[in-house]
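Following: one structure in C-alpha cells, then a few remarks.
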2 protein chains.
Amino acid sequence: MSKYAQMSSWEREEELKGLVDQYERVKSRGLKLNMSRGKPSSEQLDLSLPLFDLLRSTSTPAIYHASEIDDYRNYGGLNGIPKARELMAGIMDVPADNVMVLGNSSLNLMYDSIARAMTHGVMGEDAWMIQSARTKEPVKFICPVPGYDRHFAICEHFGIKMIAVQLNADGPDMNAVEALVKDESVKGIWCVPKYANPTGIVYSQAVVKRLAALRPAAADFRNYWDNAYAVHDFVLEDQQPKLYSIKLACEQASNNDIWYQFSSTSKITFPGAGIAAVAASKANLADIASKMAFQTIGPDKLNQLRHVLFFANDTLGQADVMQVSAGQADVVWRSAGQTAVAQVSAGQADVMQVSAQQMLANVRAHMQRHAKIVAPKFAMVQEVLQKELGSLGIGEFTTPKGGYFISFTGIPKTAKRIVQLAKEAGVVLTDAGATYPYADDPTDANIRIAPTYPSIDELRSATELFALCVRIASLEVMNG
Amino acid sequence: MSKYAQMSSWEREEELKGLVDQYERVKSRGLKLNMSRGKPSSEQLDLSLPLFDLLRSTSTPAIYHASEIDDYRNYGGLNGIPKARELMAGIMDVPADNVMVLGNSSLNLMYDSIARAMTHGVMGEDAWMIQSARTKEPVKFICPVPGYDRHFAICEHFGIKMIAVQLNADGPDMNAVEALVKDESVKGIWCVPKYANPTGIVYSQAVVKRLAALRPAAADFRNYWDNAYAVHDFVLEDQQPKLYSIKLACEQASNNDIWYQFSSTSKITFPGAGIAAVAASKANLADIASKMAFQTIGPDKLNQLRHVLFFANDTLGQADVMQVSAGQADVVWRSAGQTAVAQVSAGQADVMQVSAQQMLANVRAHMQRHAKIVAPKFAMVQEVLQKELGSLGIGEFTTPKGGYFISFTGIPKTAKRIVQLAKEAGVVLTDAGATYPYADDPTDANIRIAPTYPSIDELRSATELFALCVRIASLEVMNG
C-alpha cells in the first residue's frame with residue numbers, strides 16, 4: 001500500500017491543509033508558464049539557423065537550376081524535388097519513389113487526406129460522405145488512447161466516429177483492432193508508432209506486423225501512420241528503439257496499399273517553416289496526386305532545397321555534439337555553418353550529389369544536438385515527479401527515450417482538477433481529456449506534459465507546482 | 001469583307017497549298033516550345049533573387065523575434081505575420097485586418113475554400129454536399145467565359161455545375177449574373193477582375209458595383225475574387241487601369257460578407273515559393289480560421305518574413321528600372337540587393353517599421369522591372385499576329401495592359417485544329433476549349449496565348465507558326 005492510501009482521513013485532511021497553504025504561496029508568485037504543446041525551445045531552433053544562409057543568390061552555378069528546364073524557382077514539381085524526397089525517405093524509412101514532399105505541415109497533409117476521402121474517396125472507392133449517406137451511419141476511425149488531440153479533432157470536424165482502443169506498451173490492443181476492422185464503416189486507425197504522443201511508447205515489430213496484416217472489410221481502410229518522431233531520439237544510436245518499417249511489413253503481408261505514412265521536419269528544423277511529406281504505395285500516391293493536382297501546382301521547392309543543402313553538408317555533423325554543452329550549440333553551427341555556406345555559394349557540384357545515407361546520418365547528428373537540449377528537461381521533470389510523488393501511490397509517469405511528451409496518469413477523477421489548479425497558479429497544461437476522443441477521458445486521469453519549450457528553471461517551477469496540484473487533487477478525491 | 005472571305009474557293013485552295021508547304025518546312029525544323037501556361041521566365045525570376053539573401057542567421061538583433069514570445073521560427077500565427085498581412089493588404093487594396101497570409105499558392109486557398117464549403121458550409125449555412133443531397137441538384141457556380149481553366153477544374157472536381165456567362169470588355173454580363181443568382185443553388189462566381197485570364201480585360205467600376213450589390217437567394221453565395229494580377233501592369237502608373245475595391249463596393253452596398261479575395265506573390269517573386277493570401281470580411285475570416293485550425297497550426301512565417309524584408313528595402317526600388325535594358329536586371333539587384341542584405345544583417349530596426357505604403361511602392365517598382373521583361377514579349381506577339389493575320393479577317397487578339405495572356409479568337413471550328421497543328425510542329429499551346437467550363441468552347445474559337453516564359457526569339461518562331469496554323473485551319477473550314 002502506498003502512503004496516501006495508508007493514511008487515515010484525518011491525516012489526509014492535515015496533509016491537504018498544508019499543501020493548500022503551500023499552493024497559495026506558489027500562486028502568489030504569479031508564475032506564467034506554458035507546458036501545453038510540443039514546441040521546440042528557442043535554443044533548439046538556433047540549431048537550424050544555417051538554413052537561413054545556405055541558399056544564396058550568389059551560388060555558382062545556380063544550385064536552384066536542377067537542369068536546363070527544371071528551375072526550382074518556378075511552378076511545378078508536385079512530388080517535390082528529388083533530393084528532398086530522398087531526405088524525407090531516409091527519415092521515413094521508405095524508398096524515395098514512395099514519397100511526396102509538399103507543404104509545411106504533416107498535419108495539413110493528414111487533414112487533406114481525410115478531406116479528400118470524405119469528398120472523393122480513396123483509390124476508386126466511393127466518397128466517405130456518399131457511403132455514410134447510403135448506410136446512414138458515420139464513417140469510423142480507430143483511435144488508440146491516450147493519443148494525439150489533433151488527430152481526434154480532424155475526425156470530430158468531419159463527423160467521423162471515433163472508437164477508442166487501448167494503447168499498450170507495445171502498441172494498440174491488436175485483438176480489439178482486428179475485431180473492429182470487420183466493420184466496413186471503419187476506415188482508418190491513427191498511429192504514432194514511435195514515441196507515441198503522449199505515452200512515448202514504440203510499436204513492437206509484432207504489433208507493426210499485425211497492423212500490416214489486417215484484413216479490413218473496407219477496401220478503403222488505411223493505417224494513418226503519423227511518424228512524427230521518427231528520428232527524435234534522446235539516446236545514442238545503439239540504444240535507440242528500432243521501429244519496424246510499415247512499408248516492408250505491409251508488403252510482407254501482401255497488403256501493399258493499406259498504409260499512409262506522414263512526417264515532417266517541424267521538430268527537426270523549424271515548425272511551420274520546415275518541409276512535410278507523405279509516403280505510400282505508388283498506387284496510393286498516384287491516387288493522391290490525381291486529386292491534389294486540382295488543389296496546387298506544386299510545393300515550395302526552394303525551402304525543400306534549403307533543407308537538402310542543410311542536411312547535405314556533413315561539416316555540420318562533424319562536431320562531437322554530445323560533448324557540446326547546452327547553450328553552446330550556436331557556436332557549433334556558427335563555425336560549421338559558415339563553412340557550409342562557403343561551399344554552397346561556391347556551387348560545389350557534390351552538394352547535390354550527397355547520398356541519401358549521408359543526409360540521414362547528418363539528420364541523426366542534428367537530432368543528437370536536439371537531444372542534448374531536450375533530454376535534460378525530460379530528466380529533470382522525471383526527477384521532480386519521482387521525488388515529489390514517487391512514494392505516494394497517486395500517479396505514474398512515463399520515461400520515454402525520445403519524442404516530445406511525458407504522459408502522467410493520476411488516480412481517477414483528478415486530471416481536470418489538476419489542470420485547473422495549475423492554471424489558476426499560472427501554469428498552462430494540455431487540457432485534461434485532450435488525449436482522448438471527444439476530450440473524454442473516461443477515468444479523468446491522464447495528463448500530457450510537454451517539457452521542451454520552457455527553460456530548465458521554469459520547467460522546475462512548473463513541475464513542482466504540477467506535483468503539488470496532483471497531491472492536492474488526489475487528497476480531495478480520497479477524502480471524498 | 002476581309003481577304004480570305006473575299007477569295008474564291010479556288011484561290012483559297014491555292015493559298016492553303018502554299019501554306020501547307022510552308023508548315024511542313026517549319027515542322028521539319030523540329031521546334032520544341034511551350035506557350036501553354038502563364039509562367040514567369042528565368043530572367044523575371046532573377047529579379048527576386050535577393051529574397052534568398054535577406055534573412056540571415058547573423059542579423060542582430062534577430063529579425064525573426066518579433067517579440068519575446070513571438071518567434072517566427074516556431075509554431076503558430078494562423079493569420080500570418082503582421083507585416084506580411086500589410087504587404088498583401090497593399091497588393092489587394094484592403095486593410096491588413098481583413099487579410100490572412102498563408103500557404104504558397106492562392107489556388108490552394110481557393111480550392112480549400114470550396115472544399116470547406118462542400119463539407120462544412122459557409123458561415124453557418126449547411127454544407128453544400130448536404131444542401132445538394134436535400135435538393136437533389138448540384139451546387140452551381142457562375143463562370144464568366146472565356147476564363148481560367150483551374151477555376152473550372154476545381155468546380156468539376158467537386159461536382160459543382162458551371163454556368164457560363166459572357167465576359168465582356170468591362171466584366172461579366174451582369175444582366176445574366178443578376179438573373180442567375182435568384183437560384184438558391186448558385187453559390188458563387190469566379191472573377192479575375194484585373195487583367196482577366198485570358199482576355200486581359202479589367203472590370204469597370206460599374207460592374208464591380210453591380211457585383212457588390214447582388215442580392216443572391218443563397219446566403220452562402222460568395223464572389224470568388226481572384227485578384228491574381230493586381231499589380232501586374234505593363235504600363236506606367238498613370239496609364240494603369242484602376243480596379244475599384246471589391247471590399248469598398250460591397251460595404252457601400254451593405255453586402256459586407258459577399259466577397260472573398262485571393263492573391264499571391266507567385267508572379268511577383270517565385271511561383272510556389274511565394275506567399276499567398278485570402279482577404280474577406282472579419283466575419284468570413286473568423287469562419288475560415290475556425291475551420292482552418294483543424295488543418296494547420298500555421299503558415300511558413302519565415303518565408304513571409306523574407307518577403308517583408310525584400311519589399312521593405314526601398315534601395316531595391318531606387319534604380320530607374322525602366323531605363324535598365326532587359327538582361328541587365330541582375331545588375332540592378334546585385335548592387336541594390338547587397339546594400340539591403342547589409343542593412344538587414346545589421347538588424348536595422350526600421351526594416352520592420354517600414355510602412356505599408358512604402359512596401360506597396362516597392363512592389364510597384366519591382367513590377368515595373370517585370371514589365372520591362374514581359375511587355376516586349378507581348379508587343380512582339382501582337383506585332384507578328386497583326387502582320388500575319390491582321391488583314392485576313394480570320395481572328396482577333398487582345399492587347400492587354402498587364403497580366404499574363406493574350407486571348408485569340410478565331411473563326412468558329414478552328415481552335416482545336418490550330419492547337420493540333422501547332423503541337424505537331426513542336427509548339428504546345430493551352431488546350432483549345434480550356435478557357436471554357438468542361439473544356440467546351442461552343443464555337444471552338446478561343447485560344448489562350450502565354451507569351452512570358454519563352455525567350456523573345458523562341459516566341460517569334462512560335463507566334464509565326466501559330467499564325468500559319470490559324471491561316472491553315474481557317475482555310476480548311478472555309479473550304480468546307
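Every chain is numbered from 1 and lettered A, B, ... according to where its sequence line falls, protein lines coming before strand lines.
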Pair A/Asn303-B/Asn303, side chain to side chain contact (heavy atoms under 4.5 Å, CB included): steps then yes or no: CA-CA 9 Å; A/Asn303 205 35; B/Asn303 205 35; over 6 Å; no
Nearest atoms (heavy-atom pairs only) where B/Phe270 meets A/Leu302: CD1-CD1, 3.7 Å
Between CG on residue A/Asp112 and CG on residue B/Asp112, distance to nearest 0.5 Å: 6.0 Å
Region of B/Ala127 that comes under 4.5 Å of a non-hydrogen atom in chain A: neither
B/Arg56 side, atom CZ; A/Arg56 side, atom CZ - distance, nearest 0.5 Å: 3.5 Å
Any residue of residues 148-156 of chain B which, by heavy atoms, sits under 4.5 Å from chain A: B/Arg150, B/Ala153, B/Ile154
Among the listed options A/Leu109, A/Leu45, A/Ile130, the residue most often paired with chain B at heavy-atom distances under 4.5 Å: A/Leu45
Side chain / backbone / both / neither for B/Asn108 at chain A, heavy atoms under 4.5 Å: both
Interchain contact, B/Arg37 with chain A, by part (heavy-atom threshold 4.5 Å): neither
Minimum heavy-atom distance between B/Tyr453 and A/Asn74, given as atom pair plus value: CE1-ND2, 3.7 Å
For A/Leu107 against B/Ile297, the heavy-atom pair lying closest together: CD2-CG1, 3.9 Å
Which of A/Lys39, A/Arg116, A/Met292 touches chain B most, by non-hydrogen pairs under 4.5 Å: A/Lys39
CZ-CG distance between B/Arg73 and A/Leu51, expressed to the nearest 0.5 angstrom: 11.0 Å
Contact origin within B/Phe158 toward chain A - heavy atom pairs under 4.5 Å: both
CE on A/Met118 to NE2 on B/His120, rounded to 0.5 Å: 7.5 Å
Contacting region of A/Ala62 [heavy-atom separation from chain B under 4.5 Å]: neither
Straight-line distance of A/Trp128 CH2 to B/Thr119 OG1, nearest 0.5 Å: 13.0 Å
Part of B/Ser105 within contact of chain A (heavy atom distance under 4.5 Å): side chain
Contacting region of A/Ser42 [heavy-atom separation from chain B under 4.5 Å]: both
Contacting region of B/Asn104 [heavy-atom separation from chain A under 4.5 Å]: side chain
Parallel, tilted or perpendicular, as decided by the 30° and 60° cut-offs, for the rings of A/Tyr64 and B/Phe52: perpendicular
Distance in Å, B/Asp300 CG paired with A/Ile275 CD1, rounded so as to fall on 0.5 Å steps: 11.5 Å
Min side-chain heavy-atom separation B/Tyr75-A/Lys267 under 4.5 Å: yes
